[in-house]
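Along the sequence shown, residues are numbered consecutively beginning with 1.
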Amino acid sequence: MIETPPESRIVGGVGLTHVHVYDMRPGPDGRMSGCAHVHAITDEGYFVLAGTGSLELHDADNGFRVIPLEKGRYVQFSAGTVHRTVSNGGLEILVVIGNGGLAEHGDARIYFGPAADEDSREYDRLSALSDQGGLESALRRRDASVD
């Protein structure tokens, strides 16, 4: 039996999502990106289908790091890693996520900063910014995460 390092194993109970990383308008930091968020129990992998960009990761073991993304690259990271995807143009990824896509059903927590982490009412207010539905609502929530 050949031992494979954890970072190169494919996640189990796989769910797949095709994601076009926001490229409608930049966030408050001037970058096209999604929300910074973390999954409590699911590993996640990104396979880049098109475009270029980067994956920002932060965890207790490795600190903050940025991984360049380009067509054909696969990057996997474990649960507990705060992450945000940034598009340099036309970034499309196939998200490979454990637990059959549980992240879309309650495992993901958006990061809005320490003040929101300490105040559940503030966290709920910020996460509800996307409740109206549609792109503009999603961008408002993304902007709150970037701020």
Item to check | Pairwise distance CG(Leu129) to CG(Asp124) - rounded to 0.5 angstrom | outcome: 11.0 Å
Checklist entry - Same cluster for Ile97 and Ile67 if Ile/Leu/Val/Met/Phe/Trp/Tyr side chains link at under 4.5 Å? => result yes
Checklist outcome for this item: Paired with Asp143, the side-chain contact (heavy atoms from CB on, under 4.5 Å) test is passed by just one of Pro26, Pro28, Cys35, namely Pro28
Next on the checklist: I'd like to know if Glu70 pairs up with Arg73 as an ion pair, taking the criterion as any Lys NZ or Arg NE/NH1/NH2 lying under 4.0 Å from an Asp or Glu carboxylate oxygen.
Outcome noted: no
Checklist entry - Does the distance from a Lys or Arg side-chain N to an Asp or Glu carboxylate O, for Arg65 and Asp59, drop under 4.0 Å? => result yes
Item to check | Shortest non-hydrogen contact from Ala108 toward His37 | outcome: CB-CD2, 4.3 Å
Next on the checklist: Let me confirm one number: the CG-CG distance from Leu126 to Asp119, rounded to the nearest 0.5 Å.
Outcome noted: 9.5 Å
Item to check | same_hphob_cluster(Val48, Leu57) at 4.5 Å side-chain heavy-atom cutoff | outcome: yes
Checklist entry - With sequence neighbours excluded, what pairs up with Tyr123 under the ring pair (Phe, Tyr, Trp, His ring centres under 6.0 Å) test? => result Phe112
Checklist entry - Hydrophobic cluster mates of Val66, side-chain heavy atoms under 4.5 angstrom, ILVMFWY only, any path? => result Phe64
Item to check | Main-chain N/O of Leu69 paired to Ser54 side chain as donor or acceptor, under 3.5 Å | outcome: no
Checklist entry - So, the side chain of Arg25 versus the backbone of Asp23: is there a donor-acceptor pair under 3.5 Å, distance only? => result no
Checklist entry - Minimum heavy-atom separation for Ser145 to Ala36, with atom names? => result OG-N, 3.0 Å
Checklist entry - Do His18 and Leu49 have side chains that get closer than 4.5 Å, going by heavy atoms? => result yes
Next on the checklist: With clusters defined by side-chain heavy atoms of hydrophobic residues (ILVMFWY) lying less than 4.5 Å apart, directly or transitively, does Val75 cluster with Ile93?
Outcome noted: yes
Next on the checklist: Please determine whether a side-chain nitrogen of the Lys or Arg among Asp117 and Arg109 lies less than 4.0 Å from a carboxylate oxygen of the Asp or Glu.
Outcome noted: yes
Checklist entry - Got a donor-acceptor contact below 3.5 angstrom from the Arg142 side chain to the Ser33 backbone? => result yes
Checklist entry - Backbone N or O of Ala79 within a donor-acceptor pair of the Asp43 side chain at under 3.5 Å? => result yes
Item to check | Backbone of Leu55 reached by a side-chain donor or acceptor of Arg84 within 3.5 Å | outcome: no
Checklist entry - So how far is it from Arg141 CZ to Asp131 CG, rounded to the nearest 0.5 Å? => result 8.5 Å
Next on the checklist: Once you measure the plane-to-plane angle for Phe77 and His83, does it fall in the parallel (<30°), tilted (30-60°) or perpendicular (>60°) bin?
Outcome noted: tilted
Checklist entry - Atom CD in Gln76, atom CZ in Phe47: separation rounded to 0.5 Å? => result 13.5 Å
Checklist entry - Is a donor on one side and an acceptor on the other found under 3.5 Å between the side chain of Thr81 and the backbone of Ser78? => result yes
Next on the checklist: Taking Val86 as the starting point, is it possible to reach Val146 by hopping between hydrophobic residues whose side chains are less than 4.5 Å apart?
Outcome noted: no
Item to check | Side-chain cluster (under 4.5 Å, hydrophobic types only) that Met24 belongs to, other residues | outcome: Tyr22, Leu135, Leu139
Item to check | Chi angles and distances behind the side-chain contact (heavy atoms from CB on, under 4.5 Å) call for Leu91, Thr85 | outcome: CA-CA 9 Å; Leu91 185 60; Thr85 310; 3.5 Å; yes
